[in-house]
Amino acid sequence: MAGKHLPLLDQPSGSLHADGSRNWVYTADVHGRFTSLRHWVFGALVVVFVALPWVRIGGQPAVFLDIAHRRFYLFGFTFTAQDTWLLFFVLTGIGFALFVATTIWGRVWCGYACPQTVWLEGVYRRIERLIEGSRSIRMRRDAEGPSATTVARKVLKHIAFVVVSFLIAHVFLSYFVSLPALYRMVQGAPTEHWTVFLWATVLTGILYANFGWFREQLCLVVCPYGRLQSVLFDRDSLVIGYDKVRGEPRGKASDPNNGDCVDCKRCVTVCPTGIDIRNGLQLECVACAACVDACDEVMVKLGREPGLVRYDSLSGLAGEARRFLRPRLYLYAVAGLVGLTVATFAFSSRTSFEANLLRLRGAPFSVEGEQVRNAFEVHVVNKANEPREFTVEPVPVAGLAYTVAMPKVTVPALGQQRVPVFVEYARGSSASGSHPSATLRVGPTQAGETPKTVTMPLLGPR
């Protein structure tokens, strides 16, 4: 492929050479309103990520996904394994919201809130600049080849990357094992908690490899979101673009026949994926607006109006009026309303306990003389954060005799209990001929809770 261009663009991708090999991206520093906004957002998101395991609501961390015990604490709400079906509404809701936001505001998620962007631009690349210097210094040192200073700085940088990756991995694990438990595990030998130690090691390695080397290639090669632009965007979606009418032809500012673009390539050097925004909308653009701040800075110095590179729609860049309300947004509104209604009903139907009637292992029934016995157990799950007492009451049916081992049972907080139940009937009775179901009513003794009725067909000879 030497000398050939990639098929989708007039020029090769900024982070790839024409033959497909890696082109290392050196980003230059940039200052401006959007860069400042992004840094504030990055800082807030990092603080939230680190603080959530510390913040306690109702005696539990704000977010604690206790997979080992199948308990999930989310901002004061407690969910158990029986509630995992509600995860469907959460995940589809997040995906739907992302689709709608993309249609309206473009890739605002990628530029401001995606964890890849937050950590890479907000932490790792800032460490790199602090230790190795600006873009021009890094490029010059790499071009000159290894030296004592260059090697020392790179070693120090990668040590810092490993330390940061190690800390991020442990904060992430605290969402699953809790901070106190994680602290005890860290103090002990790795062999005492080898599973968590292995997870911490693997996550640290993945984070270091990603942010230390793979970087923008994750967005280009792995993440499918950028490839959805063609179906999520339309001519009225907000994107970052170059005003060709105003900027062309490019050339020196002293020539009155040239447009406003002086071809300084400042917009290219600040791009975290190394693209030239003047080539139009591209898959690699994460809408970070670094090129907007860079171009505005140049325009101000030249005494020209900022906005040569700006947030706008394709319609706006072409001199047309941008429509906000359009058919796909009406469709999204209807779909969102339907989804919200169904999700509201699903969450409102969630109860604070579960009860099921299960058949005991072994023979489905036994015959003792003229009596047929079926053995069951009532499985009661308490989804509340405090112990509660439950009653297990049979629903009377003519010809059936119930034996409930524990008519009242105390179930611990977020715990479960199994109550044996035996149902007998006489052979030749009306119950024997009809084979009715065993029916029990289970519910907490506290007022205000509606009990649940559980049933199971009886088995036996006719």
Side-chain angles (χ1 to χ4, degrees), residues 52-94 97 174-181 338-360 375-396 402-423 437-457:
L52 281 180
W54 295 87
V55 177
R56 303 185 75 84
I57 302 176
Q60 297 293 339
V63 178
F64 180 25
L65 308 177
D66 190 359
I67 295 177
H69 299 93
R70 292 178 293 180
R71 303 170 184 173
F72 311 98
Y73 305 90
L74 298 173
F75 304 103
F77 296 95
T78 304
F79 301 91
T80 63
Q82 287 75 19
D83 299 318
T84 52
W85 64 279
L86 296 173
L87 190 63
F88 167 80
F89 297 99
V90 176
L91 296 179
T92 54
I94 293 173
S174 69
Y175 281 81
F176 299 90
V177 298
S178 82
L179 274 175
V338 172
L340 183 61
T341 302
V342 175
T344 301
F345 174 79
F347 277 90
S348 62
S349 64
R350 176 184 178 270
T351 59
S352 63
F353 73 98
E354 295 288 343
N356 296 285
L357 185 60
L358 309 173
R359 200 177 298 277
L360 286 177
F376 305 96
E377 65 177 7
V378 177
H379 182 212
V380 185
V381 179
N382 179 18
K383 298 194 288 187
N385 280 321
E386 64 277 346
R388 292 194 298 173
E389 186 181 58
F390 290 82
T391 59
V392 180
E393 300 176 341
V395 176
Y402 288 86
T403 301
V404 180
M406 293 180 287
K408 289 187 177 181
V409 57
T410 299
V411 184
L414 300 174
Q416 56 185 322
Q417 186 64 269
R418 297 177 185 271
V419 179
V421 177
F422 302 94
V423 184
S437 297
T439 305
L440 297 103
R441 189 176 292 110
V442 184
T445 57
Q446 292 88 344
E449 291 278 359
T450 303
K452 290 188 175 184
T453 301
V454 293
T455 62
M456 179 68 72

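Owing to the predicted nature of the structure, the values given are computational and were not obtained by experimental measurement.
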What distance do [X] atom [atom1] and [Y] atom [atom2] have between them, rounded to the nearest 0.5 Å?
| X | Y | atom1 | atom2 | result |
| --- | --- | --- | --- | --- |
| Phe72 | Thr78 | CZ | OG1 | 11.5 Å |
| Leu65 | Arg71 | CG | CZ | 14.0 Å |
| Ile57 | Phe75 | CD1 | CZ | 7.0 Å |
| Glu377 | Arg418 | CD | CZ | 4.5 Å |
| Thr455 | Leu357 | OG1 | CG | 7.5 Å |
| Leu440 | Tyr402 | CG | OH | 5.5 Å |

Does the Arg441 side chain pair with the main chain of Thr391, one donor and one acceptor, at a distance under 3.5 Å? no
Is there a donor-acceptor pair closer than 3.5 Å between any side-chain N or O of Lys383 and the backbone N or O of Thr351? yes
Nearest heavy-atom neighbours spanning Asn382 and Ala384: OD1-N, 3.1 Å
Between Lys452 and Ala355 the two heavy atoms that sit nearest each other are CD-N, 4.4 Å
Just wondering, are more than 12 heavy atoms of other shown residues or ligands nearer than 6.0 Å to CZ in Phe347? yes
Give me the ring orientation class for Trp85 and Phe89: parallel if the planes are under 30° apart, tilted from 30 to 60°, perpendicular past 60°. perpendicular
Take the angle between the ring planes of Tyr73 and Phe64 and call it parallel below 30°, perpendicular above 60°, tilted in between. parallel
Would you say the side chain of [Y] lies within less than 4.5 Å of the side chain of [X], judging by non-hydrogen atoms?
| X | Y | value |
| --- | --- | --- |
| His379 | Glu354 | no |
| Phe390 | Gln417 | no |
| Leu179 | Pro61 | no |
| Val381 | Gln416 | yes |

If we count only N and O atoms by modelled type, under 3.5 Å, do the side chains of Glu449 and Ser352 hold a donor and an acceptor together? yes
